[in-house]
Amino acid sequence: MTATETEEALEVWIDQGLCTGDGICAQYAPDVFELDVDGLAYVKGADGELRKDDGSAVLVPTISLKDVTDSATECPGECIHVRRRSDGVEVYGPDADPV
């Protein structure tokens, strides 16, 4: 990934159908991910509210970028998707093109 790509606004979403509930994402980036009572991880907005609609995405705060991308890489369920907001291209996660 180039410096230009990392400077672009990124958004993240979770495919709950693949989530294993391990909670690695919530450990890495608790400001972006949270486990709910159903045992699945969800993204949460800057307001702290969980986004539970299928495919709901939130902006990745710059301060959390490394933690979010590490979460996508380490997730055993391969359910975390990080994409550029400008064009929707996945840059981290199961559908990202290998570098």
Side-chain angles (χ1 to χ4, degrees):
M1 173 171 283
T2 68
T4 302
E5 288 174 326
T6 58
E7 292 169 6
E8 287 189 57
L10 298 177
E11 58 187 12
V12 60
W13 66 281
I14 296 176
D15 180 343
Q16 274 74 34
L18 297 175
C19 181
T20 59
D22 286 87
I24 291 171
C25 56
Q27 291 174 6
Y28 276 128
D31 55 328
V32 177
F33 304 107
E34 186 174 317
L35 291 176
D36 199 21
V37 294
D38 62 5
L40 300 178
Y42 293 87
V43 293
K44 58 183 175 178
D47 60 1
E49 293 295 317
L50 299 185
R51 304 301 194 251
K52 291 190 168 187
D53 294 332
D54 287 343
S56 289
V58 298
L59 283 176
V60 177
T62 304
I63 195 166
S64 302
L65 180 61
K66 180 166 178 8
D67 293 332
V68 169
T69 58
D70 285 349
S71 296
T73 303
E74 299 296 323
C75 177
E78 296 184 345
C79 64
I80 300 172
H81 302 265
V82 181
R83 63 186 175 213
R84 287 190 304 256
R85 188 169 212 188
S86 62
D87 61 8
V89 172
E90 187 161 317
V91 291
Y92 294 98
D95 298 331
D97 286 333
V99 177

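- In this structure, Asp67 and Val32 have side chains that are not in contact, with every pair of non-hydrogen atoms separated by 4.5 Å or more.
- When atom types are taken as modelled, the side chain of Arg51 and the backbone of Glu49 share a donor-acceptor pair closer than 3.5 angstrom.
- Side-chain contact between Leu50 and Lys44 is present, with at least one heavy-atom pair separated by less than 4.5 Å.
- Contact detail for Glu78 and Pro94: the closest heavy-atom pair is O-CG, 3.1 Å.
- Looking only at distances, no side-chain donor or acceptor of Asp36 sits under 3.5 Å from a matching main-chain atom of Asp38.
- Remark: Lys66 NZ is loosely packed, at most 12 non-hydrogen atoms of other residues, nucleotides or ligands lying under 6.0 Å away.
- Side-chain contact check for Tyr92 versus Ile80: every heavy-atom pair is 4.5 Å or farther apart.
- Linking ILVMFWY residues whenever their side-chain heavy atoms come closer than 4.5 Å, directly or via other members, leaves Leu40 and Val43 in distinct clusters.
- Nearest heavy atom pair, residue Gly23 against residue Leu35, reads CA-CD1, 3.8 Å.
- Residues Gly77 and Thr20 share a closest heavy-atom pair of CA-CG2, 3.8 Å.
- Residues Val58 and Val91 fall within the same hydrophobic cluster, defined by Ile, Leu, Val, Met, Phe, Trp and Tyr side chains chained together at heavy-atom separations under 4.5 Å.
- Legend: side-chain hydrogen bond (donor to acceptor under 3.5 Å, both in side chains) pairs involving residues 24-33, not counting sequence neighbours, sorted by first then second residue: Asp31-Ser64.
- Rounding to the nearest 0.5 Å places CD of Glu8 at 6.5 Å from CG of Asp87.
- The two residues Cys25 and Ala41 come nearest to each other via the heavy atoms SG-CB, 3.5 Å.
- Considering all non-hydrogen atoms of both residues, Gly93 and Ala72 come closest at N-CB, 4.2 Å.
- Under the rule for a salt bridge (charged side-chain N to carboxylate O under 4.0 Å, His left out), Asp54 has no partner lying at least two apart in sequence or in another chain.
- Hydrophobic cluster membership is shared by Val82 and Phe33, with clusters built from Ile, Leu, Val, Met, Phe, Trp and Tyr side chains linked at under 4.5 angstrom.
- Side-chain contact check for Glu11 versus Val60: every heavy-atom pair is 4.5 Å or farther apart.
- Partners of Asp53 according to the side chain to side chain donor-acceptor pair (under 3.5 Å) rule, which considers only residues two or more places apart in sequence or in another chain, do not exist here.
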Before you tell me yes or no, could you show the steps for Arg85 and Leu10 under side-chain contact (heavy atoms from CB on, under 4.5 Å), namely the whole-Å CA-CA distance, both residues' side-chain angles and the distance that decides it to 0.1 Å? CA-CA 5 Å; Arg85 188 169 212 188; Leu10 298 177; over 6 Å; no

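- Residues Cys79 and Gln16 fail the side-chain proximity criterion, which asks for heavy atoms closer than 4.5 Å.
- Tyr42 and Val12 are members of different hydrophobic clusters when ILVMFWY side chains are connected at heavy-atom separations under 4.5 Å.
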